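None of the values given here were measured: they were computed from a predicted structure.
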Amino acid sequence: MSNSATIKVISSLEKLYHEDKVPENTLSDFSMLNNEKKSFQVVIESEKDFKGTLTINTNIKDIRKYSVEHIKSDFPMFKGSDNYFRYSKDGYYPDLLLPVENEINIVKGINVFWVEVNADKYNIGNNELLISVKENDISIAETSLNIEIIDCSLNFNDFIYTCWFHTDCLMSHYKFEAFSDEYWRVTENFLKTANEYGMSCVLTPIFTPPLDTEKGKERPTVQLVDVTLNNGVYSFNFDKLTQWIEMAERCGIKYFEMAHFFTQWGANHAPKITATVDGEHKKIFGWETKATSKEYKKFLTDFSVEFKKYLEERNLKDRVLIHVSDEPNFSMLRPYSKASKLIHKLYKSYKIVDALSDVWFYKLGIVTTPIPSNDHIDKFIGKTDELWTYYCSAQNKKNVANRFFCNDSIRTRVIGYQMFKFDVVGFLHWGYNFYYTRLSKSVINPYEVSDAGKEFPSGDSYVVYPAEDGTAHHSIRLKVFYDALQDMAALNTLENLTDKKTCLDIIEENGKHSITFSEYPHSDEWLLNTREKINLKIKENMK
């Protein structure tokens, strides 16, 4: 029986759901800089199921192909969220990208494949891609795409991006012990992927991070610093931390975000810390430890002396971020203030940062480098020495950027233009690979549960999936957020060639609209055309 199939190329911003038809828009060409990754999608509509091949003939060597797989969401969004969603009901969402070679499985109906092109300096200029689907080595549908590679590089301007890396979730999923050979192998695999897609800073568990933990409970111990207490005197061994730093640097990581010194949402308690006390290994601090206790203050003081010496001997001081407690609000001002005062005293010349949304913490000098959420950032713009931002599940209103399954991809990518306009120097997210339910009560399979047990909108908790071989499978959202970072970097390149006004005139179309964190055109075509205009302007001004 002969097969009838059609093949079409569409942009990486399109999301095709099960009930969708093949889009009318076709992507025929685009441009990219010489150190950039760019993606597009191939849609094959077939009249029957068959095994075939997806072939891309081109001189560009590094081309990666993936099948786009749908993942179930039982909780795509909060009630009362804004209306900027095309699809927001319980069901299946395109997200997981599974690598494919030439052979592919085609089912009757619509099949979507993701293609990523990594620019090659040997392919500067125009490159034609001949794309075909074959059955029994016979081409049954084909199309083409033209890619121009521009001989100029993206400039990331030492942007700091951290997406919290949870090694205990890897331990729970793969069932290996902390600091075993398998621990280090899998952790390095996941961290390589994180860095390849923009992450330059890693959450470093000097002590087990006190994050998303039910009060009175604890997460698996991943403490990198070995503590010994003999006759009331503390000593510290940093060998595991050294191994961590060396591993991270191999992966391309530059910055190290140290785990918080106090519990989340108010800094009322110490994190879980274990030690060998007079020969016996046990927990010495945790939920039962008040943040203001003399014992914990002494520990922090003694630790800071040795820790700072360790960092400064290795020239790491300027590459370290120190945390007090995550996401305090005004009702927590008093305990957080006490904790912050101590940490600022102990780490006077270090960068101390925390995610928060209440500007009073900054105005009162309690937080020196705040990281406000993107729906509260307006209060901080122009008022801080350096501007950071973050988002999480709470940022579901006001049309701000986010990365939920149900967000259109433009809503994930537009933040690149926004961060460039407002000179944002760093971005934080809490979930690179959080494979637990909310408050870390139980382990989930991220292929089956995408919403932390119906607690966080699907897509908030993780951007990679654990592959059987201990590597990270990618998501659409991982790649689209990296596109946002690349858009920002392209604007940096253009600004270096021209000026900021030239860049803003392009993204705001000479005043046709104003880009803010909640206002921007909700149009794939606008975002893609704007990026092409940026690239054209770079070509015109190349030196």
Side-chain angles (χ1 to χ4, degrees), residues 71-79 90 93 95-96 163-178 183 186-187 190 203 205 207-223 259-274 282-291 323 325-329 331-332 355 390-396 402-406 428-466 472 475:
I71 299 294
K72 192 172 191 304
S73 172
D74 293 316
F75 182 46
M77 60 185 287
F78 288 111
K79 291 181 179 179
D90 299 359
Y93 287 77
D95 190 62
L96 171 63
C163 195
W164 286 349
F165 195 95
H166 303 275
T167 57
D168 59 345
C169 290
L170 298 180
M171 290 160 52
S172 296
H173 180 85
Y174 288 107
K175 296 180 172 54
F176 51 68
E177 297 296 321
Y183 170 94
V186 173
T187 296
F190 272 69
L203 179 66
F207 307 119
T208 299
L211 299 169
D212 218 85
T213 308
E214 185 179 9
K215 189 170 182 179
K217 305 293 184 180
E218 60 183 53
R219 290 172 63 165
T221 301
V222 291
Q223 179 177 318
H260 303 68
F261 285 118
F262 297 90
T263 51
Q264 199 170 19
W265 309 308
N268 287 306
H269 304 275
K272 178 175 70 171
I273 297 175
T274 64
K282 61 182 182 180
K283 185 172 71 172
I284 58 171
F285 299 115
W287 286 110
E288 66 282 358
T289 309
K290 290 186 177 180
H323 279 302
S325 171
D326 187 48
E327 291 186 318
N329 59 46
S331 68
M332 306 163 186
Y390 83 97
Y391 55 64
C392 64
S393 63
Q395 281 61 61
N396 58 84
N402 216 312
R403 66 176 212 192
F404 304 147
F405 280 14
C406 61
L428 177 150
H429 196 282
W430 75 275
Y432 176 70
N433 63 319
F434 185 76
Y435 304 142
Y436 294 149
T437 58
R438 181 175 176 266
L439 299 179
S440 305
K441 292 181 179 181
S442 60
V443 182
I444 59 103
N445 179 344
Y447 296 92
E448 298 174 356
V449 178
S450 59
D451 45 32
K454 299 185 182 179
E455 292 284 355
F456 302 136
S458 296
D460 187 40
S461 301
Y462 57 83
V463 288
V464 291
Y465 295 79
S475 68

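Separating the CH2 atom in Trp265 from the OG1 atom in Thr213 is a distance of 7.5 Å, to the nearest 0.5 Å. If you take OG on Ser475 and OH on Tyr462, they are separated by 9.0 Å, rounding to the nearest 0.5 Å. A distance of 10.0 Å separates CG of Asn268 from NZ of Lys290, quoted to the nearest 0.5 Å. Atom NE2 of residue His173 and atom CG of residue Asn433 lie 11.0 Å apart, to the nearest 0.5 angstrom. For the atom pair CG (Asp451) and CD1 (Ile71), the distance works out to 12.0 Å, reported to the nearest 0.5 Å. Taking CZ of Phe404 as the reference point, atom CZ of Phe75 lies at 8.5 Å (rounded to 0.5 Å).
The two atoms that bring Pro76 and Pro457 nearest to each other are O-CB, 3.4 Å, heavy atoms only. Shown here for Ser393 and Asn396, the closest heavy-atom pair between the two residues is O-ND2, 3.2 Å. Here the shortest heavy-atom pairing between Ser458 and Ser450 reads OG-OG, 2.7 Å. Counting all heavy atoms, side chain and backbone alike, Tyr183 lies closest to Ala178 at CD1-CA, 3.8 Å. Across all their heavy atoms, Thr437 and Asp212 have their closest contact at O-OD2, 4.2 Å. Pairing each heavy atom of Phe405 with each of Ser73, the nearest pair is CD2-CB, 4.3 Å.
Contact of the Ser325 side chain with the Met332 side chain is not registered, since no non-hydrogen atoms from C-beta on lie closer than 4.5 Å. Looking at Phe285 and Phe207, their side chains never come closer than 4.5 Å, going by heavy atoms from C-beta outward. Contact annotation: the side chain of Thr167 never approaches that of Phe190 to less than 4.5 Å [non-hydrogen atoms, C-beta and beyond]. Residues Leu170 and Pro466 have side chains not in contact (no heavy-atom distance under 4.5 Å, counting atoms from C-beta outward). At a threshold of 4.5 Å between non-hydrogen side-chain atoms, the residues Val222 and Met171 count as touching.
Scanning for side-chain contact (heavy atoms from CB on, under 4.5 Å) contacts around Thr263 gives Pro210, His269, Trp287, with sequence neighbours left out. A search for salt bridge (charged side-chain N to carboxylate O under 4.0 Å, His left out) contacts involving Asp95 returns Arg477, not counting sequence neighbours. Considering only residues two or more places apart in sequence or on other chains, Lys454 meets the salt bridge (charged side-chain N to carboxylate O under 4.0 Å, His left out) condition with none of them. In this view, Glu214 satisfies the salt bridge (charged side-chain N to carboxylate O under 4.0 Å, His left out) rule with no residue, not counting sequence neighbours. Applying the salt bridge (charged side-chain N to carboxylate O under 4.0 Å, His left out) criterion to Asp90, with sequence neighbours excluded, gives no partner residue. The side-chain hydrogen bond (donor to acceptor under 3.5 Å, both in side chains) test applied to Asp168 returns Arg219, not counting sequence neighbours.
Judged by distance alone, the side chain of Ser461 and the main-chain N or O of Phe434 form no donor-acceptor pair under 3.5 Å. Between the side chain of Arg403 and the main chain of Gly459, a donor-acceptor pair closer than 3.5 Å is present.
Counting non-hydrogen atoms of other residues, nucleotides and ligands closer than 6.0 Å to CD of Glu288 gives a total above 12.
A ring-centre distance under 6.0 Å is not found for His260 and Trp430.
In this structure, a donor-acceptor pair under 3.5 Å is present between the side chains of Thr221 and Lys272. Remark: the Tyr436 side chain and the Ser172 side chain contain an N/O donor-acceptor pair separated by less than 3.5 Å.
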message: As a quick check of understanding, evaluate side chain to side chain contact (heavy atoms under 4.5 Å, CB included) for Leu211 and Leu203, giving each step before the final call.
response: CA-CA 11 Å; Leu211 299 169; Leu203 179 66; 3.8 Å; yes
task: Dump the intermediate steps for ring-ring contact (aromatic ring centres under 6.0 Å, His included) on His323 and Phe261, then the final yes or no.
output: CA-CA 7 Å; His323 279 302; Phe261 285 118; 9.4 Å; no
